[in-house]
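Data first, discussion second: the structure below is written as structure tokens.
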There are 2 protein chains.
Amino acid sequence: MGSADVPDIVIGRLPIYLRALNFLLEEGKEITASQELADKLGISSAQIRKDLSHFGEFGKQGTGYEIRYLREQLRKILKVDREWDVALVGAGDLGHAIAHYGNFDRNGFHVVAVFDHNPRKIGAKMGRFRILDSESIPTVIQDMGIQIAIIAVPAESAQQVADTLVEAGIRAILNYAPITLNVPPGVQVQYIDPVVYLQRMTYYL
Amino acid sequence: MGSADVPDIVIGRLPIYLRALNFLLEEGKEITASQELADKLGISSAQIRKDLSHFGEFGKQGTGYEIRYLREQLRKILKVDREWDVALVGAGDLGHAIAHYGNFDRNGFHVVAVFDHNPRKIGAKMGRFRILDSESIPTVIQDMGIQIAIIAVPAESAQQVADTLVEAGIRAILNYAPITLNVPPGVQVQYIDPVVYLQRMTYYL
DNA sequence: TAGATTGTTAATCGATTAACAATC
DNA sequence: TAGATTGTTAATCGATTAACAATC
């Protein structure tokens, strides 16, 4: 994972910067400085400037950064200056919440297909979505040219679902199943396992 | 954040190891080796051994690790060899999914109180939970001695909720709101913003 | 014993930070 | 101009990895 040039860890921080810029804009701010962002995010201003310097010069000495401009640049870098179609596999409680999560649409990620393999659910509606048969994953994904998928199935079936998705052409997977997936090089995976996050905190309690 | 001794980044990997051990046990395995774990998790065997060496010697030369024993040790280290009560703030779609997420209970994290400030929801049932008034957060948290909270409210109210929680004695927050929280030293925060994870992948597409 | 794998050391690699010249 | 803040360099810090003696 990760192209040769910019470290993954830097890429990983850009969405956080982007989120902070959105926040500042909503507050009515037009200009910010690395120090202001640093204070808000709890990281050093030097790191923010260094991270940004991988991609260009976006600020002005003595002044700081024009928020709207920097945001636009970050959006281009992250390729979120466009709309992305997303496939969702798993129509349980979690899938339901994901399908109806407003922040996805607000940020240009649109769930356009929901799959489940439970015969009782296939064909039924979940909110505004018609639940599709998991069997149709390959054809639907290929026909619609979807590149991003979200896995919200039990751990037992997650690897198999991932295999099917990758085979169908998916290149980025957001995995909610509590299991490390095995995928070929070039396929991105990000993990969301809330239990892991809780366990990272109990150590300190 | 982070005590002096063991690096945060090491603590962060322990839950992943623990998850893998559970998986191996379910597969019926009794013994494993750092190399086997490494292959499964996509990290180096040296790193796994080094991480574990911060806490003791859990393996046997020539053989590897007794899975059940290593799991027990990790559970003790992470303090997940016990049950934890959790408060949930926000009874929307997301809160609903969180409250009913089976993996929490299965891993010793028990949602014992659900709060919302919407008068239409207060007093109503959400699954097996009676929704409590956010106003009662301080008293309920203190009376029940809850240390861990999950925030599932809109970004606009998340900081205010966090302040209330911290004031009430919460020491670990799992934050689903897309905003970086400001909390005093000693209070743990972990973030789950699915949009951030998606944006970390689009860069590579 | 021979083979395998740990725990640990030392080397390497990479990330963060401090500091400051450049400049708005 | 004086003050502020960037972009960047070099130094520091920390994490990862390679290698191997110890030993099961």
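Just so you know, these numbers use all the heavy atoms, side chains as well, and skip hydrogens, waters and symmetry mates. Below, chains carry the letters A, B, ... as their sequence lines are ordered, and counting in each starts from 1. As the structure is a prediction and not an experimental result, all values here were calculated from the model.
Within residues 27-38 of chain A, no residue places a heavy atom under 4.0 Å from DNA chain C. Less than 4.0 Å separates DNA chain C from no heavy atom of any residue of residues 63-71 of chain A.
Annotation: side chain of Ile151(A) is in contact with side chain of Leu181(A) (closest heavy-atom distance under 4.5 Å). Put simply, the side chain of Glu36(B) reaches to within 4.5 Å of the side chain of Lys29(B), judged on heavy atoms. Side-chain contact between Leu74(B) and Tyr17(B): present, with at least one pair of heavy atoms (C-beta onward) separated by less than 4.5 Å.
Within the 3.5 Å criterion, the main-chain N or O of Gln147(A) finds no donor-acceptor partner in the side chain of Arg171(A). Listed for the Asp116(B) side chain is a donor-acceptor partner under 3.5 Å among the backbone atoms of Ala91(B).
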Would you sort out whether Ile77(B) and Val6(B) count as a side-chain contact (heavy atoms from CB on, under 4.5 Å), showing the intermediate values? CA-CA 11 Å; Ile77(B) 292 165; Val6(B) 181; over 6 Å; no
Could you walk me through whether Asp8(A) and Tyr204(B) satisfy the side chain to side chain donor-acceptor pair (under 3.5 Å) test, starting with their C-alpha distance in whole Å, then the side-chain angles of each, then the deciding distance to 0.1 Å, before giving a yes or no? CA-CA 10 Å; Asp8(A) 288 351; Tyr204(B) 298 99; 2.5 Å; yes
Hey, mind stepping through Thr202(A) and Ile148(B) against side-chain contact (heavy atoms from CB on, under 4.5 Å) and telling me if it holds? CA-CA 9 Å; Thr202(A) 47; Ile148(B) 304 174; 4.0 Å; yes
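The structure places CG of Asp163(A) at 7.5 Å from CG of Asn182(A), a figure rounded to the nearest 0.5 Å. One finds the CD atom of Glu156(B) at 7.0 Å from the CD atom of Glu26(A) (value rounded to the nearest 0.5 Å).
Extent of DNA chain C lying under 4.0 Å from chain A heavy atoms, first and last nucleotide in 5' to 3' order, is dA15(C) to dC24(C).
Annotation: side-chain hydrogen bond (donor to acceptor under 3.5 Å, both in side chains) contacts involving residues 74-89 of chain B, sequence neighbours excluded, comprise Glu83(B)-His110(B). Residue pairs meeting the ring pair (Phe, Tyr, Trp, His ring centres under 6.0 Å) criterion with at least one member in residues 86-108 of chain A, sequence neighbours excluded: His96(A)-His100(A), Tyr101(A)-Phe104(A).
The 5' end of DNA chain C is approached more closely, in terms of each residue's nearest nucleotide, by Ser45(B) than by the other of Ser45(B) and Arg49(A).
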Could you provide the dot-bracket string of DNA chain C, using ( ) for intrastrand pairs, [ ] for crossing pairs and | for bases paired to another strand, with Watson-Crick or G-U pairs below 3.5 Å? ..||||||||||||||||||||||
